S.K.: 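Submitted below is the structure of interest, expressed as structure tokens.
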Protein chains: 2
Amino acid sequence: MEAVKNLDTSTRILNAAELLFIDHGFDGTSMRQITAAAEVNIAAVNYYFGSKDGLFQAVFERRAEPFVRLSLAKLTELEATPQANNPIAIAESFLSAALEMGSNPEYGGLVFVRLLARTYVEPRSILKEKIPQRYGELTRRYQDALERALPDLSSTEVAWRFHFMTSAMFNAFAGNHVLRLFTAQPMVNARDPQRVAQMLLPFISAGLTSPAAVQA
Amino acid sequence: MEAVKNLDTSTRILNAAELLFIDHGFDGTSMRQITAAAEVNIAAVNYYFGSKDGLFQAVFERRAEPFVRLSLAKLTELEATPQANNPIAIAESFLSAALEMGSNPEYGGLVFVRLLARTYVEPRSILKEKIPQRYGELTRRYQDALERALPDLSSTEVAWRFHFMTSAMFNAFAGNHVLRLFTAQPMVNARDPQRVAQMLLPFISAGLTSPAAVQA
DNA sequence: GTCTATATTCCGATAGAC
DNA sequence: GTCTATCGGAATATAGAC
């Protein structure tokens, strides 16, 4: 939680807020905690970001923007190869974008994945309006690619599988365990993202390419 | 959010608190909101549950207890049949326990799954001590059953797949979408749990039974 | 840009009458 | 068991000096 002194004020706030939001959620984090951790004045958040909501949005966008850019680039790259219609290769593109973010210190390293995992379960509807519209291209293009690669599935079924895939993925990286509610000793350890990805890939690949559900 | 008048006070509080916790999280819900929705006096929560933390614990346990009982019964039942070592049958047992909870009004219907999905991402460590110890049998027995059914996988890899499975499952039932952060128009709709289960099953089955990850 | 001081609201919890 | 009244503190936000 050490604030690095030779960064400007707004960056110090973003860094401190990001970690606190991840660990305690939006409602569980106060401006006082944030400004104390960032070693800036209490009034600085409002000066730079207008409000606590504005700060959260800025925290999120700082990570989301490069992630969206990176995963779209990965997909574009893939679509120029013969693997363009291989569903597993498409999943790997998405996974590797998250993984590269997670291993690039410039993008906050692993912090990014945990932030994403925290944000999407936040009850507040802070950024469920403006931001999603801007980034719609991400889901649209991956959904289209998966639909082409899985022609035997309805587009609804493809969307569900894309959803299952991302749920498993981000919760695994972020260390969110449902089962921890029922066991004192956690059974898995998410410390090494490369290892998590290795465990994820067979599960996701098989799940995506499984035959269509039998209609009721 | 209508409080049913002919229930006793503590039940009315539990019902109101459950819905509010699901929608706004623990920190996002105040005692005043709860008592207003339950149409009881502000002091009633402390009288019946001691504190806000105590209330949350009671809210969770009311649903967890029957769920654990039900899923263990399902597994015991399965283990008496020739399907005992079929990983897909084991997954179906777990899934159907959640599904039965979700369709039984006595257990709160769908509310239960949403509560579980909310609880396990709560940043607060409210119930991460006492309760998990009591329910450890659930994860232990399913983990053991899956290990027997998947002898080619290490127990670590089985644990990861169990984790992936539950992540996909509970987030799907609860309507938590990572992708909603990147798209204005949600692609899937979790309203009908039977339908969600139908989409889940092929994905989970294939994921569980996929060959082991290649060691790096 | 950074600070102090403060306005205003809401929080969880409890004392004590009935 | 239920109520009113209130305590003590912490929340976000801002006005205004420097």
Side-chain angles (χ1 to χ4, degrees), chain A residues 1-60 62 118-119 122-127, chain B residues 1-60 62 118-119 122-129:
Chain A
M1 199 69 59
E2 285 292 290
V4 181
K5 271 292 189 187
N6 63 338
L7 294 176
D8 61 36
T9 303
S10 70
T11 305
R12 292 228 302 283
I13 293 174
L14 287 174
N15 290 346
E18 182 170 55
L19 293 177
L20 287 165
F21 285 148
I22 288 172
D23 284 340
H24 308 113
F26 182 82
D27 289 317
T29 303
S30 72
M31 310 263 277
R32 285 169 162 80
Q33 287 177 272
I34 293 167
T35 52
E39 296 177 40
V40 302
N41 189 270
I42 316 188
V45 168
N46 283 290
Y47 178 79
Y48 282 99
F49 303 99
S51 66
K52 192 183 174 187
D53 277 27
L55 172 58
F56 189 90
Q57 187 161 313
V59 165
F60 180 78
R62 182 170 67 147
R118 166 62 56 208
T119 306
E122 272 292 332
R124 289 287 227 99
S125 58
I126 309 166
L127 35 79
Chain B
M1 198 67 61
E2 286 290 292
V4 181
K5 270 293 188 186
N6 61 339
L7 295 174
D8 61 36
T9 303
S10 70
T11 305
R12 291 228 303 283
I13 293 174
L14 287 174
N15 290 346
E18 183 170 55
L19 294 177
L20 286 165
F21 284 148
I22 289 172
D23 285 340
H24 308 112
F26 181 81
D27 290 317
T29 304
S30 73
M31 311 261 279
R32 286 167 164 81
Q33 287 177 271
I34 294 168
T35 51
E39 295 177 40
V40 302
N41 188 270
I42 315 187
V45 168
N46 283 289
Y47 178 79
Y48 283 99
F49 303 99
S51 67
K52 192 184 174 187
D53 277 27
L55 171 58
F56 189 90
Q57 188 161 311
V59 164
F60 180 78
R62 182 170 67 147
R118 167 62 56 209
T119 306
E122 273 293 333
R124 291 286 228 97
S125 58
I126 309 165
L127 35 79
K128 304 205 166 136
E129 319 231 323

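All chains are named by letter (A, B, ...) in the order of the sequence lines, taking the proteins before the strands, and each is independently numbered beginning at 1. None of the values given here were measured: they were computed from a predicted structure.
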S.K.: Give one of base, sugar-phosphate or nothing for A:Phe49, where a contact means two heavy atoms less than 4.0 Å apart.
M.R.: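 The answer is nothing, as A:Phe49 stays clear of every strand by at least 4.0 Å.
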
S.K.: Nearest 0.5 Å please: distance from the CZ atom of B:Phe21 over to the CD atom of B:Glu122.
M.R.: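 That separation rounds to 8.5 Å.
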
S.K.: Take atom CD1 of A:Ile34 and atom C1' of D:dA11, then tell me their distance rounded to the nearest Å.
M.R.: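 Whole-Å distance recorded here is 12 Å.
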
S.K.: Could you state the atom-to-atom distance from OH of A:Tyr48 to P of D:dA13 in whole Å?
M.R.: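 It works out to 18 Å between those atoms.
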
S.K.: Do B:Phe26 and A:Asp27 make a side-chain contact, defined as non-hydrogen atoms from C-beta onward lying under 4.5 Å apart?
M.R.: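 Sidechains of A:Asp27 and B:Phe26: no contact.
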
S.K.: Specify the separation, in whole Å, of atom CD of A:Glu39 and atom P of C:dT2.
M.R.: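 From A:Glu39 CD to C:dT2 P: 14 Å.
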
S.K.: With sequence neighbours left out, write down each residue that passes side-chain hydrogen bond (donor to acceptor under 3.5 Å, both in side chains) with B:Thr11, or none if nothing qualifies.
M.R.: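 Applying side-chain hydrogen bond (donor to acceptor under 3.5 Å, both in side chains) to B:Thr11 gives B:Asp8.
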
S.K.: Write down the atom of B:Thr35, the atom of B:Arg32, and the distance for their closest heavy-atom approach.
M.R.: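 Closest pair (atom of B:Thr35, atom of B:Arg32, distance): OG1-O, 3.3 Å.
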
S.K.: Just to verify, what does A:Arg118 make a side-chain hydrogen bond (donor to acceptor under 3.5 Å, both in side chains) with, not counting sequence neighbours?
M.R.: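 Listed in chain order: nothing, the list is empty.
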
S.K.: Kindly say if B:Asn41 contacts the phosphate of D:dG1, meaning a side-chain N or O under 4.0 Å from OP1 or OP2.
M.R.: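 Answer is no, no contact under 4.0 Å.
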
S.K.: Enumerate donor-acceptor pairs with a distance under 3.5 Å from any side-chain N or O in residues 41-50 of chain A to protein atoms, sequence neighbours excluded.
M.R.:
{"unit_1": "A:Asn41", "atom_1": "OD1", "unit_2": "A:Ala43", "atom_2": "N", "d": "2.9"}

S.K.: To the nearest 10 degrees, what angle separates the axes at the start and end of the helix from C:dG1-D:dC18 to C:dC18-D:dG1, five pairs each?
M.R.: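 Comparing the first five pairs with the last five, the axes sit 0° apart.
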
S.K.: What's the separation between atom NE2 in B:His24 and atom OG in B:Ser30, rounded to the nearest 0.5 Å?
M.R.: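 Result: 10.0 Å between the selected atoms.
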
S.K.: Applying side-chain hydrogen bond (donor to acceptor under 3.5 Å, both in side chains), can you list everything that pairs with B:Asn15, at least two apart in sequence or on another chain?
M.R.: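 B:Asn15 satisfies side-chain hydrogen bond (donor to acceptor under 3.5 Å, both in side chains) with B:Arg62 once adjacent residues are dropped.
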
S.K.: Quick test: give all pairs of protein nitrogen or oxygen and nucleotides 11-15 of chain C nitrogen or oxygen below 3.5 Å, distance rounded to 0.1 Å.
M.R.:
{"unit_1": "C:dC11", "atom_1": "OP1", "unit_2": "B:Ser30", "atom_2": "OG", "d": "3.0"}
{"unit_1": "C:dG12", "atom_1": "OP1", "unit_2": "B:Met31", "atom_2": "N", "d": "3.4"}
{"unit_1": "C:dG12", "atom_1": "OP1", "unit_2": "B:Lys52", "atom_2": "NZ", "d": "3.0"}
{"unit_1": "C:dG12", "atom_1": "OP2", "unit_2": "B:Met31", "atom_2": "N", "d": "2.8"}
{"unit_1": "C:dG12", "atom_1": "N7", "unit_2": "B:Arg32", "atom_2": "NH1", "d": "2.8"}
{"unit_1": "C:dG12", "atom_1": "O6", "unit_2": "B:Arg32", "atom_2": "NH2", "d": "3.2"}
{"unit_1": "C:dA13", "atom_1": "OP2", "unit_2": "B:Lys52", "atom_2": "N", "d": "3.0"}

